[in-house]
Amino acid sequence: MRAPEDPDLDEDEQPTWNIWVLNREEGTLNRAIVSDIVAEDGHDIAPQFMPDGRLVFASTRQRQSKAILLDEGKPQFSAFDEDRDEEALTLHVMNPDGTEIQQITYNASSDLDPTIMSDGRVVYSRWDNVAGRDRISLYRANPDGTDMELLYGVHSHDTGPDGQNIEFVEPTELPDGRLLVMMRPPGQQSRLGALPVAIDVNNYVEHDQPTFASAGLLTDAQEILIPGDLSLDESEPALQGRYAHISPLNDGTERLITAWSQCRLLDTTSDPQNPVIVPCTEENLANVNMVEADPLYGVWMNDPLENTQQPIVLGEEGFAISDVVVMESRISPPVILDKTAGIDLDPDLVSEAVGVLHIRSVYDFDGTPSLDIASLADPGQATAAERPARFLRIVKSVSFPDDDILDIDNAAFGRSQAQLMREIIGYAPIEPDGSVKVKVPANIAFWVDVLDAQGRRVSPRHNNWMQVRPGEEMTCNGCHTPTSELPHGRRDAEAPSANLGAAVDGSPFPNTEPALFANTGETMAEVITRINGIPSPNVDLRYDDLWTDPSVRAKDLSFSYNYADLSTTPPVDPGCVSNWNAGCRITINYIDHVHPIWSVDRQILDVDGITVLSDDTCTSCHADVDAAAMPMVPAAQLDLGDGPSVDEADQLKSYRELLFNDNQQELVDGALQDILVQATDGNGNLLFETDEDGNLVLDINGDPIPILESVNQVPSLNVAGALLSPRFFSRFAAGGTHAGRLTDAELKLLSEWIDIGGQYYNNPFDVNAWTVFEKYQPKVLVSDPYLELRTGPGRGYPIFYVAGQGDEVVMLKRRTDWFKVRTPRDKEGWVHISEMQHTLDLDGEQIDFGALGLDDFSKRRWEMGFNGGDFNGASSLSGYLGYALTPNITVQLEGTQILGDFSDGVMGTANILMYPFPKWRLSPYFTIGTGIIKTQPQTTIVAAEDREDEIVHAGVGANLYLSDRFMLRMEYKRHTVLTSRDDNEEIDQWKAGFSIFF
């Protein structure tokens with residue numbers, strides 16, 4: 001329960017949800033957590049009593065996760081989910097008096113709705129939202145969080161009515177052992193309706209995929225528990241009504257207690273102060289004046305055997321009973337005791353705050369070997385170079401706070417926000433049979449990548465978070481492809497391991513070191529860790545051949561790629577190189593760790609130590625000026641020089657050049673300009689300018705004027721990974737044009753950075769440590785008598801300080817036409833570009849700040865404007881906001897007020913605009929869209945009704961760039977109003993107006 005919201009408080013200051021315990025025998029209701037301070041530390045919801053008397057619940061407290069943030073040198077906060085919308089919920093347990101609160105699950109998004117199964121384990125709904133996967137499936141774990149695993153449903157989210165996408169929430173066990181789940185559509189719901197589904201989770205992992213032991217079953221795992229005309233579509237009434245929640249009775253009758261609302265219709269012609277609500281019938285549903293009324297949820301008894309439903313508590317207007325709970329005695333499930341250090345868990349691992357990950361073979365895909373494991377494991381048959389999988393990388397999610405703590409601009413994520421930010425825990429060698437066993441930090445969300453010998457990811461991103469508790473050992477058989485529906489990650493459901501392990505006790509694997517003797521069934525990783533101990537991850541990549549028997553052949557060569565070999569700043573604490581611990585993190589920020597590589601001195605000198613024979617410094621060729629500071633075309637059209645990007649001032653231009661499409665340039669009259677070539681149509685025909693009648697426009701010589709367009713330059717790197725970036729990495733391979741120019745350590749750093757997503761930052765708290773301008777932009781001199789500083793980036797902000805002529809000013813940040821600067825007296829404020837144009841560099845030369853022009857118009861992201869015109873004889877006034885997905889495609893929301901002689905109206909539409917020639921000053925476009933139009937008649941003679949209809953349109957228009965940020969827009973649309981009458985209406989709309997872009 002929670003106290004009512006206070007309209008005078010911010011969202012983060014509202015009362016929290018607390019757990020209250022109702023004692024039926026004593027008739028008391030008490031808050032479980034007595035202390036107000038502790039109770040208000042987070043939202044606590046969905047509690048369930050466990051067999052040992054404790055409570056398991058979902059909470060935003062994130063108790064252990066907050067402690068780990070301190071270990072990472074960050075402030076404590078409740079992390080937001082992967083949409084960065086609200087604080088994530090994870091499962092916690094506590095005593096019934098609110099003491100000994102412990103977090104038991106670790107997810108970058110939310111874990112919800114825990115329930116206790118008859119075997120004592122906890123089943124819950126997990127929101128998997130890595131890279132926007134956005135699905136809620138069923139998971140389970142022990143009450144202490146150990147043995148956490150997927151239970152059901154990853155590939156069954158398309159099983160709603162007519163294939164509708166659904167989520168599995170609010171699980172509870174039925175008396176027959178199946179799992180009752182409320183099947184809901186994704187996102188927010190206004191009517192709370194769900195479909196009750198019974199799922200056979202004991203025999204299935206997907207609706208049509210049985211467990212390995214139950215292979216051959218052909219029935220569907222899911223059964224709608226209450227059949228009939230039920231719907232998840234909130235836009236259409238469901239004749240049978242809507243169910244918000246269901247709880248089973250455990251009395252052997254199969255009866256269900258439901259929160260149910262009858263299907264009700266509102267007569268829109270009735271008095272709003274005294275509305276007429278009628279039940280749904282076929283006749284009423286066909287009446288165009290009837291719309292679905294708000295649901296009226298009450299408590300009902302449903303008997304599936306008798307096909308009856310009887311009221312227990314009738315619904316009341318203005319209230320919704322969304323959940324029902326049955327208070328009844330039943331057999332208590334067995335108590336699963338928390339694992340204890342020294343008994344169930346290795347006390348050394350617990351004290352180190354680590355667990356263990358054991359993969360039997362990365363060559364095992366759902367029980368089938370992708371390669372001959374026995375041959376790969378035999379040094380007599382395969383060398384290390386012939387084994388495709390060499391290392392394992394452990395990757396951790398990064399937590400994000402509320403923007404009240406840290407406001408992060410989207411530019412901080414870099415080329416793609418899908419991967420957010422990631423840290424690397426470390427690396428471990430993969431043994432010849434594909435097995436690996438290594439320590440991993442406990443109580444974090446992590447995944448693993450399989451790498452080749454160069455440290456490049458050869459597996460897809462795992463895109464599912466795993467966890468281990470302190471001292472726990474997690475064992476998995478192998479790997480799994482994203483599209484495979486075979487059982488994986490659920491130990492009692494998947495196929496046996498494809499890696500059979502050692503054949504006999506007391507003997508080594510074939511052709512391996514005799515001292516490494518194996519026990520039957522052991523993997524190579526189990527053997528080596530039993531003898532040498534479980535290794536910690538390395539922050540470096542290191543390989544040593546521990547297995548080959550030198551009497552059979554020479555051991556494979558050792559190698560390592562070490563951060564210590566970098567001449568730039570390594571992305572890890574030096575202490576972690578020699579003494580890894582659970583708090584070690586490899587945190588790669590492009591601006592700190594990647595960009596400095598490009599300017600490392602790589603000159604090759606003659607024996608005299610003075611004469612330069614060659615210069616392989618990256619920026620000696622990949623820059624826009626040569627050694628004499630004269631303009632030049634960067635080699636391969638790739639500029640790796642210093643300075644902020646003109647496209648995104650919060651990113652270095654080298655980052656944009658590596659990861660974003662760009663225009664190829666050439667040197668014209670000593671200046672770099674975009675290369676322009678004549679445009680062609682889809683058939684390769686040259687294009688020329690034409691007038692509105694389609695006739696060629698001729699120049700003064702009578703020749704047609706060609707349409708020119710820039711030449712696209714494909715980026716060198718792809719955030720999908722190093723192996724998918726051959727344009728870059730192939731140049732440094734043996735025989736490549738740049739072979740030997742970057743060190744192995746540098747290439748390893750670049751590979752791991754792009755493998756985890758090529759982010760600009762991977763620590764949100766480093767984002768505001770300093771800016772691109774502060775590090776790379778030189779100071780400027782005030783040349784005018786004064787320079788006015790405002791408190792914010794806009795002319796509406798007051799002037800609070802004036803810098804004098806001759807003052808040196810440091811530029812810190814740019815926001816559109818405004819620069820944040822710092823004066824010699826440490827005053828920081830905002831200055832408009834028109835004033836900055838009059839400053840000089842320290843050599844007394846004027847600086848070009850790149851005033852807005854036609855190129856900025858063609859690269860605009862956001863635009864907004866107002867226009868007016870004619871709407872079928874009536875006057876119209878419209879406002880819109882648009883966002884450019886690409887230079888050719890813009891999405892737009894538009895609202896229109898229509899003022900006529902006999903009726904007024906409002907219209908809201910969502911539109912798509914397609915620009916065939918986005919770089920033209922007069923840029924035409926085509927548009928299609930849909931929306932709602934509401935018409936309000938002005939007649940007073942008869943009681944005409946307001947109408948609300950769907951509307952679709954197609955149209956054409958053009959934007960004319962004027963100057964600075966302004967453009968003129970002209971548009972024609974042909975609307976079709978989809979009325980409820982026999983005929984639709986066709987309406988023409990003409991309009992024009994002004995817009996701004998930014």
Side-chain angles (χ1 to χ4, degrees), residues 9-16 33 35-44 58-92 101-111 353 395-414 417 419-425 441-446 465 467 470 569 571-573 575-576 581-593 650 759-771 774 812-813 828:
L9 296 178
D10 292 338
E11 184 177 351
D12 59 352
E13 297 174 332
Q14 297 292 342
T16 59
I33 300 176
S35 166
D36 289 339
I37 296 176
V38 177
E40 294 299 311
D41 192 37
H43 293 285
D44 302 329
S59 178
T60 60
R61 294 174 180 276
Q62 303 175 22
R63 269 291 181 94
Q64 276 62 47
S65 295
K66 287 180 179 178
I68 289 173
L69 285 171
L70 284 181
D71 295 338
E72 295 175 343
K74 301 171 183 175
Q76 285 194 335
F77 57 85
S78 289
F80 270 41
D81 58 42
E82 287 158 298
D83 281 350
R84 294 189 291 145
D85 282 340
E86 55 188 15
E87 293 177 349
L89 293 153
T90 57
L91 299 192
H92 292 63
I101 302 174
Q102 295 289 325
Q103 183 180 347
I104 65 169
T105 66
Y106 299 84
N107 185 15
S109 287
S110 287
D111 293 333
V395 180
K396 174 189 173 293
S397 70
V398 172
S399 299
F400 292 94
D402 188 316
D403 57 13
D404 287 342
I405 298 175
L406 187 66
D407 192 4
I408 305 170
D409 189 88
N410 287 338
F413 296 95
Q417 293 185 49
Q419 293 300 322
L420 298 178
M421 296 181 185
R422 303 283 184 251
E423 292 173 320
I424 298 171
I425 297 300
N443 299 343
I444 65 167
F446 72 91
W465 296 118
Q467 69 173 57
T569 303
V572 68
D573 187 314
C576 293
N581 61 75
C584 287
R585 306 286 187 266
I586 300 170
T587 307
I588 305 172
N589 297 329
Y590 177 85
I591 196 168
D592 297 314
H593 307 111
D650 285 338
Q759 293 87 343
Y760 198 70
Y761 284 99
N762 276 300
N763 181 354
F765 291 92
D766 288 340
V767 174
N768 295 321
W770 49 265
T771 68
E774 190 174 41
L812 304 177
K813 183 177 292 189
E828 294 185 4

Note to self: Is it the case that the side chain of N589 and the backbone of N762 share a donor-acceptor pair, with hydrogens and angles ignored and the cut-off at 3.5 Å?
What the structure shows: yes
Next item on the list: For residues K396 and I424, determine if any side-chain heavy atom of one lies less than 4.5 Å from a side-chain heavy atom of the other.
Entry: no
Notebook entry, point to check: Counting distance only, does the side-chain N/O of Q419 pair as donor-acceptor with the main-chain N or O of Q759 below 3.5 Å?
Noted result: no
Notebook entry, point to check: Would you say F765 and L406 make side-chain contact, with heavy atoms under 4.5 Å?
Noted result: yes
Note to self: With heavy-atom distances below 4.5 Å as the criterion, would you say the side chains of H43 and E86 are in contact?
What the structure shows: no
Item checked: Non-hydrogen atoms of P470 and A442 that approach each other most closely -> N-CB, 3.4 Å
Check: Side-chain contact, heavy-atom cut-off 4.5 Å: P571 with D592?
Finding: no
Next item on the list: Mind checking the CD-OG1 spacing from E72 to T587? Nearest 0.5 Å is all I need.
Entry: 8.0 Å
Notebook entry, point to check: Going by atom types only, do Q62 and S78 share a side-chain donor-acceptor pair under 3.5 Å?
Noted result: no
Notebook entry, point to check: How close do D766 and Y761 get, heavy atom to heavy atom, and via which atoms?
Noted result: O-CE2, 3.5 Å
Notebook entry, point to check: Any side-chain heavy-atom pair from M421 and F413 closer than 4.5 angstrom?
Noted result: yes
Margin query: Any donor-acceptor pair under 3.5 Å linking the side-chain atoms of D111 with those of T105?
Written below: yes
Notebook entry, point to check: For D44, what residues pass the side chain to side chain donor-acceptor pair (under 3.5 Å) criterion, not counting sequence neighbours?
Noted result: S59, R61
Next item on the list: Would you please name every residue forming a side chain to side chain donor-acceptor pair (under 3.5 Å) with T16, sequence neighbours left out?
Entry: N18, E40
Notebook entry, point to check: Where is the tightest heavy-atom contact between W465 and A108, given as atom of each residue plus distance?
Noted result: NE1-CB, 3.4 Å
Item checked: Counterpart residues, side chain to side chain donor-acceptor pair (under 3.5 Å), relative to R63 (two or more places apart) -> none
Notebook entry, point to check: Do F77 and S399 have side-chain heavy atoms sitting under 4.5 Å apart?
Noted result: yes
Notebook entry, point to check: Do the non-hydrogen side-chain atoms of Y106 and T90 ever get within less than 4.5 Å of each other?
Noted result: no
Notebook entry, point to check: Can you tell if the side chain of I101 reaches within under 4.5 Å of the side chain of D41, non-hydrogen atoms only?
Noted result: no
Check: Where do F80 and D85 land on the side-chain contact (heavy atoms from CB on, under 4.5 Å) test, with the steps shown first?
Finding: CA-CA 7 Å; F80 270 41; D85 282 340; 5.6 Å; no
